[in-house]
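First the proteins, then the strands, lettered A, B, ... as listed; each starts at 1. Atom set for the values below is all heavy atoms of this structure, side chains included, hydrogens, waters and symmetry mates excluded.
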There are 2 protein chains.
Amino acid sequence: MVKRSEVARAAGVSESTVSYVITGSKPISEATKRRVHKVMEEMGYKPNAMAKALRSGSSRMIALLFNVSDHHGINDGDISYVLGAANEARKNGYHLILWPAYDREIEDAILQAQTGLLDGIILMEVRLQDDRVDLLHSLNIPVGLIGRTNNYETEIYADRDFEAAEEVAFAELVRLGHTKIIFLSTTAKQYREGYGAIVRGEKAAKFLGNKFDVEVQVIHASNTIESGIKAADQFSEKFDDFTGIISLNSEAVIGFARGIQRLGFKVPKDVSIICIDTIEQGALDAEPSLTTVSPPAAEMGAAAVRGLIKSLRAENDDNSEKLFVGKLVRRESTASVPSGRSIRKDR
Amino acid sequence: MVKRSEVARAAGVSESTVSYVITGSKPISEATKRRVHKVMEEMGYKPNAMAKALRSGSSRMIALLFNVSDHHGINDGDISYVLGAANEARKNGYHLILWPAYDREIEDAILQAQTGLLDGIILMEVRLQDDRVDLLHSLNIPVGLIGRTNNYETEIYADRDFEAAEEVAFAELVRLGHTKIIFLSTTAKQYREGYGAIVRGEKAAKFLGNKFDVEVQVIHASNTIESGIKAADQFSEKFDDFTGIISLNSEAVIGFARGIQRLGFKVPKDVSIICIDTIEQGALDAEPSLTTVSPPAAEMGAAAVRGLIKSLRAENDDNSEKLFVGKLVRRESTASVPSGRSIRKDR
DNA sequence: GTGAAAGCGCTAACAT
DNA sequence: ATGTTAGCGCTTTCAC
């Protein structure tokens, strides 16, 4: 590896001059610049990243903490958030370390931040009250969130605008004539744990029910197909006059769609379904394919990283987008309510 | 940030002694060790990672190049390989940088390896002849593969043992009485591009057909549900007396299963399906759920990283596992061929 | 516009 | 068993 000093000698200048040429931090004559560049080129000089990091006190590394656990499978769709984040980091001269975190553990990432390995940390699956966020703040470790806490005004984050996203879904169903809408959420346990998506999502559903003057009922299911199928039973027994489904549960909705069809409901003839939070692939795999208002996951991952990097650079970030809606993609699961509709269950 | 010299002063020893205590590279008296440790603890000393990296000439960073493109969607299932890799890196004191690569580009990763930012690179979607591998070798940049080239004997890699995996599937179908088996592969284009999975997969299928003395026909489809549905037409027209399907195509198989059912074939009553290469979630989402011999993706990602790290440490790696089979998981898509069976198409 | 020199925090060869 | 010292490759005052 050829180094700075060798380049300097070969170019007949001092080491510091080479630095100035590279960083542009001082005015250097055109002639010298050219000469130095030429020598660097010829010698195949590559500046050493670790030396720069040591000197500058910044590793340009960001860790993205990716929660894994043995209990529940990984959310395949999360790869989009992660890739969006990694891509944005690279665009800005940073690098994204993928950091598997068991049980939301954060200690080892903190340790590495304190050793100077990490300039900052990105958190996913944020709760309204999130110990991890508080802890990182108290240690002065820069954090960006995909999601957000209750007091997000002071945070760096990128999150879904659940109300706006659901409003798109409600508007679509209302436009199609639906007036009785089921909101398929996750379990009470997860609600209690305070995941922003769930709490904000349910709240928005109720609010929008009023706003659009339609009846809204919430059904809970855990994030599995099985659980969705069970939810379909519940639907059939208690809510079989409802015609619209808006789902916040990317897994269960697949089972739900299957379940109600097994019970004799036609999708979309009898029941229309829109997914708010979804794995795109799952929505495509489902039968019929599901209409969605999907989160722009890659953009959100990118925005969280961009915000974090701006803050690391002490740049202002006031005008950047922090809340994302997502676009309505109409697929096979939505249709108008037939005039004079009444559900027939073919059993 | 408290540093080495401060610890040394506070403990009344020299800086190097502190180093020896930490690295254990020289014998130090128990008393001194204890004292130094106590002081480090009290002062909250954290060794600086960048200084260590500079000094040691090793960043302990590995980049995993993740191919992305605008043409074909990302394979959601790949997250398991990536997480397995990241996890293994951390276990060994390394860190995995997720590196999105457009069009299989590798130049910027090479550059960063040359700046000392990267100790090594992990490649996915490896082709039998892979320019990227050759290039990295020629530049003396350590590489690990998830997948493998034609001359893999000298490579660090973790790959599927396609023949063994398919043998599990063949054996299962044969056990169930199937004697006419369709092998659902990907497109001719991808075959020509020389992806190991496809070339080795098809070859193994033909070999195993002979070995088990069953008839094998290959059907090609691109990696979409639509394409799988079309393949079902082909099946119905030309191969409707075939009763077993073994699929190497994780996307198309979902459409294929749907397509043949629409055409009146019952799964698994008339046709049994086993997936060799699959996204677990997709196999669960499908209706009926699909029997699989899935790749142990996380293990494979881990093995590739482990091999690379061993090589970076100049350790011997001869006895480690490089080829992975995967386990048969029976689900709803497989059943015995009814005695005296003949396919009825209900149309 | 350019150079000399100090130092980021660590390690290890060479003392003692 | 412990200390002295040089230096990893870079940046950045401070001089001229």
Check: protein-nucleotides 1-5 of chain C nitrogen or oxygen pairs below 3.5 Å:
unit_1: C:dT2; atom_1: OP1; unit_2: A:S29; atom_2: OG; d: 3.0
unit_1: C:dT2; atom_1: OP1; unit_2: A:T32; atom_2: OG1; d: 2.4
unit_1: C:dT2; atom_1: OP2; unit_2: A:S29; atom_2: N; d: 2.8
unit_1: C:dT2; atom_1: OP2; unit_2: A:S29; atom_2: OG; d: 3.4
unit_1: C:dT2; atom_1: OP2; unit_2: A:T32; atom_2: OG1; d: 3.4
unit_1: C:dG3; atom_1: OP2; unit_2: A:S14; atom_2: N; d: 2.7
unit_1: C:dG3; atom_1: OP2; unit_2: A:S14; atom_2: OG; d: 3.2
unit_1: C:dG3; atom_1: OP2; unit_2: A:T17; atom_2: OG1; d: 2.5
unit_1: C:dG3; atom_1: N7; unit_2: A:S16; atom_2: OG; d: 3.3
unit_1: C:dG3; atom_1: O6; unit_2: A:Y20; atom_2: OH; d: 2.9
unit_1: C:dA4; atom_1: N6; unit_2: A:S16; atom_2: OG; d: 3.3

Interatomic distance, B:R9 CZ vs C:dG9 P [rounded to whole Å]: 13 Å

Any side-chain donor paired with an acceptor under 3.5 Å for A:D130 and A:T149? no

Interatomic spacing from CE in B:M300 to CG in B:L323 - rounded to 0.5 Å: 8.5 Å

Let me know the distance between CD1 of A:I22 and C1' of D:dC10, rounded to the nearest Å. 9 Å

Compile the donor-acceptor pairs under 3.5 Å between side chains in residues 91-101 of chain A and protein atoms, sequence neighbours left out, one pair per line.
unit_1: A:N92; atom_1: ND2; unit_2: A:E88; atom_2: O; d: 2.7
unit_1: A:N92; atom_1: ND2; unit_2: A:E88; atom_2: OE2; d: 3.1

Whole angstrom value for the distance that separates C1' of C:dC10 from CG of B:N48: 8 Å

Assess, by modelled atom type and distance only, whether the side chains of A:S14 and A:S16 contain a donor and an acceptor separated by less than 3.5 Å. yes

Please report the distance, rounded to the nearest Å, between CG in A:L54 and P in C:dG9. 7 Å

Would you say that A:Y81 contacts A:P295 through its side chain, given a criterion of any heavy-atom pair below 4.5 Å between the two side chains? yes

Let me know the distance between CE of B:M50 and C1' of C:dC8, rounded to the nearest Å. 13 Å

In whole Å, what is the span from the CD atom of B:E6 to the C1' atom of C:dC10? 14 Å

Distance check: side-chain N/O of A:K52 vs OP1/OP2 of D:dC10, anything under 4.0 Å? no

Rounding to 0.5 Å, atoms CG (B:L123) and CG (B:L64) come to a distance of 8.5 Å

